[in-house]
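This report concerns only the one structure given below.
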Amino acid sequence: MGAPEVPSTLRSWMSVVGEIARAVNAAEPLDGVLATVAEQACALIGFEYCAVMLAEPDREHLRVAGSSGLSRRENRSLCRQ
């Protein structure tokens, strides 16, 4: 008897984790890694757009640090809300 079959959903998620780990290990710039995270989140969840937001140094505001499916204008708009 062979190993149990891994569900395709789990394979998809693990593939994404591997891709993000490769980007981190390749020392890609943070904005590139976070854009990859946003792209993969869209693909996994089925969304058209996604933004990864980080706190500004003042801890009062968030900024878009990586996104997928959003224009620069939309990114700026998110930060002002």
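Everything numeric here is computed off the predicted structure, so don't read it as measured data.
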Got a donor-acceptor contact below 3.5 angstrom from the Thr36 side chain to the Gly32 backbone?
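A pair under 3.5 Å: yes.
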[X] and [Y]: which non-hydrogen atoms are nearest, and at how many Å?
| X | Y | value |
| --- | --- | --- |
| Leu62 | Met53 | CB-CE, 3.9 Å |
| Ala41 | Cys50 | CB-SG, 4.1 Å |
| Glu60 | Asp58 | N-OD1, 2.8 Å |

Run the side-chain donor-acceptor check on residues 17-28: report pairs under 3.5 Å with partners two or more places apart or on a different chain.
| unit_1 | atom_1 | unit_2 | atom_2 | d |
| --- | --- | --- | --- | --- |
| Glu19 | OE1 | Gln40 | NE2 | 3.3 |
| Glu19 | OE2 | Gln40 | NE2 | 3.3 |
| Arg22 | NH1 | Gly18 | O | 3.4 |
| Asn25 | ND2 | Ala21 | O | 3.2 |

Spell out, yes or no, whether Trp13 and Val52 are grouped together once hydrophobic residues are joined by side-chain heavy atoms under 4.5 Å, including indirect joins.
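Shared cluster, yes.
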Same cluster or not: are Val64 and Leu70 linked, directly or through other Ile, Leu, Val, Met, Phe, Trp or Tyr residues, by side-chain heavy atoms under 4.5 angstrom apart?
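Shared cluster, yes.
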Any residue meeting side chain to side chain contact (heavy atoms under 4.5 Å, CB included) with Leu54, in chain and number order, not counting sequence neighbours:
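Partners of Leu54 by the side chain to side chain contact (heavy atoms under 4.5 Å, CB included) criterion, ordered by chain and then number, come out as Leu30, Leu34, Arg63, Ala65.
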